[in-house]
Amino acid sequence: MFEVREKSVILENGNEIPLVGFGTWPMKGDECYHAIRKAIENGYRHFDTAFHYQNEDAVGRAINDAIEEKKLTRSDFFVTSKLADHHKMPGTPTKMIDHQLEKLGLEYIDLYLIHSPWSLVPTEDLLSMEKKKDASGKLEMIDTPLTETWRELEKAIKSLGVSNFSSSQISDILKICKHRPQMNQVECHPLFPQDELLHFCHEEKINLTAYSPLGGVSREIAETKTKNFEFMKNETILKIAAELEKDPAQVLLKFQVRRGIIVIPKSANDERQKSNKDLFSFDFSKEQLAELESMNGGKEGRGWTEERVSHSKYFPW
Ligand SMILES: NC(=O)C1=CN([C@@H]2O[C@H](COP(=O)(O)OP(=O)(O)OC[C@H]3O[C@@H](n4cnc5c(N)ncnc54)[C@H](OP(=O)(O)O)[C@@H]3O)[C@@H](O)[C@H]2O)C=CC1
Ligand SMILES: O=C1CO[C@H](CO)[C@@H](O)[C@@H]1O
């Protein structure tokens, strides 16, 4: 199975995931809690979190409170979380699933992703966000094979996926897996549309989720780039938005969902949360689509270059 419906996708394993989800990074604590409560009121049911975001407690609290107060049930929600880069030593992934479930206060996670293919070395305290660095200040790496992490995870969770993986890294998993990867979550926007990876994943019945779909690449990274990641000021996006009488963000998000790509925009703002979900009553003309496709910036279009981990044996790009 793998079916794109109007507002959701049926994953290969039969689970239904809303096409428009809600990104929770970099919010934490009460800010995150209130943004999610608002998002639930605004109709969001799919939430993206991770150990790395240090907000799983707030995400779970918001969902559980909404279930209690709003007559919703756990099965109304789709929650994605992720295995952190410094939790890959054999035996650790299983422990972390238990820890993350406890933080979330949920009985299950709908989709659990390996956050990145590279693996970092933790300090003595596994729960700390500190990672070991060598004498020159470089992050230390371990070379746990991705296939070993996958085998351990699939004993504990049946709905698994990856993030920031290349097609060849996914192929390695496909050779050994009992439970196939359901998702690859990657950076995706008109400057970096991921056409080849999308083709590969859809052929393999693996879905793609677009992170930073609004160009929410961190400012420090964006400033080192020659391309402009400020899509809300981009001439092409503004022109198409004006023609359609939509917001620039709606143009960016529609560009993905019409390709069957799931989006997880983050917004703490009520109005922006509402408009980011309102994507299903308009479409682009052929000309508009061609203009959006012509924004493809090739390799330079990637915002998250992750140079800090480029010395990893498993660096994907
Ligand atoms: N797997 C991975 O490695 C990664 C995953 N992610 C996930 O993807 C999610 C989304 O990516 P992210 O990088 O946050 O970036 P986004 O592309 O979602 O952009 C978020 C930014 O856009 C603003 N924004 C939201 N809606 C609008 C709108 N309608 N008009 C104008 N501005 C708007 C937000 O501000 P405001 O809140 O004020 O509206 C925020 O500053 C993350 O939250 C996280 O869950 C992100 C990076 C890496
Ligand atoms: O998901 C993510 C959000 O932000 C992080 C930066 O601190 C990224 O490294 C990460 O992949």
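Numbering of residues begins at 1 and proceeds along the displayed sequence. Order of appearance sets the numbers: ligands from 1, and atoms from 1 within every ligand. The shown structure was predicted, so the numbers you read here are calculated from the model rather than taken from an experiment. All values below were derived from every heavy atom in this structure, side-chain atoms included, with hydrogens, water molecules and symmetry-related copies excluded.
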So which atom in Ile63 and which in Ile40 form the shortest heavy-atom distance, rounded to 0.1 Å? CA-CD1, 4.2 Å
Check: of Gly23, Ser163, Ala210, Gly216, min heavy-atom distance to atom 1 (N) of ligand 1 comes from Ser163
Distance-only N or O hit between ligand 1 and Asn269, under 3.5 Å: no
If you measure every N/O of Pro213 against every N/O of ligand 1, is any gap under 3.5 Å? yes
Atoms in ligand 1 with a heavy atom of Gly215 nearer than 4.0 Å: 17 (O)
Ligand 1-proximal atoms of Ser267, by part, heavy-atom distance under 4.0 Å: both
Determine, step by step, whether Lys133 and Glu140 satisfy the salt bridge (Lys or Arg N to Asp or Glu O under 4.0 Å) criterion, reporting the C-alpha distance in whole Å, the side-chain angles of both residues, the deciding distance to 0.1 Å, and the verdict. CA-CA 5 Å; Lys133 291 188 177 164; Glu140 282 184 37; over 6 Å; no
Selection from Gln185, Lys266, Arg272 by shortest heavy-atom distance to atom 25 (C) of ligand 1: Lys266
Would you say Ala268 and ligand 1 have an N/O pair spaced under 3.5 Å apart? yes
Aromatic ring proximity Tyr53/His115, centre distance under 6.0 Å: yes
Here's one to test your reading of the geometry: is the NZ or CZ of Lys266 within 45 degrees of the ring axis of Phe22 and under 6.0 Å from its centre? no
After noting the C-alpha distance and the side-chain angles of Leu83 and Thr92, does the key distance pass the side chain to side chain contact (heavy atoms under 4.5 Å, CB included) rule? CA-CA 10 Å; Leu83 177 73; Thr92 307; over 6 Å; no
Taking only heavy atoms of Pro265, which atoms of ligand 1 are found under 4.0 Å from at least one of them? 18 (O)
Heavy-atom pairs closer than 4.0 Å: do any link ligand 1 to the side chain of Asn164, the backbone, both, or neither? side chain
Within a 6.0 Å radius of atom CD on Glu293, are there more than 12 heavy atoms belonging to other residues, nucleotides or ligands? yes
Closest to atom 7 (C) of ligand 1 (heavy atoms only, candidates Asp48, Asp247, Ile114) is Asp48
Contact atoms of ligand 2, heavy-atom distance to Glu306 under 4.0 Å: 9 (O)
Give, for atom NZ of Lys132 and atom NE2 of His86, the distance between the pair rounded to the nearest 0.5 Å. 12.0 Å
Hey, is the main chain of Gly91 close enough, under 3.5 Å, to the side chain of Glu152 for a donor-acceptor pair? yes
Does Tyr53 reach ligand 2, in the sense of a heavy atom lying below 4.0 Å from it? yes
With heavy-atom distances below 4.0 Å as the criterion, list the atoms of ligand 1 near Ala249. 28 (C), 29 (N), 30 (N)
hydrophobic_cluster_shared for Val121 and Met89, side chain cutoff 4.5 Å: yes
Identity and distance of the protein heavy atom lying nearest atom 6 (C) of ligand 2: His52 NE2, 3.8 Å
Atoms in ligand 2 with a heavy atom of Arg308 nearer than 4.0 Å: 9 (O)
Per atom 17 (O) of ligand 1, closest listed option by heavy atom (Ile264, Leu252, Leu214): Leu214
Are there more than 12 heavy atoms of other residues, nucleotides or ligands under 6.0 Å from atom NE2 of His199? no
Would you say the ring centers of His87 and Phe51 fall short of 6.0 Å from each other? yes
Counting only heavy atoms, tell me which of Trp304, Phe22, Trp25, Tyr53 gets closest to atom 5 (C) of ligand 1. Tyr53
Going by the order shown, which atoms of ligand 2 are within less than 4.0 Å of some heavy atom of His115? 1 (O), 2 (C), 10 (C), 11 (O)
For His115, take its heavy atoms, then give the atoms of ligand 1 lying under 4.0 Å from any of them. 1 (N), 2 (C), 3 (O)
Is the NZ atom of Lys239 crowded by more than 12 outside heavy atoms at less than 6.0 Å? yes
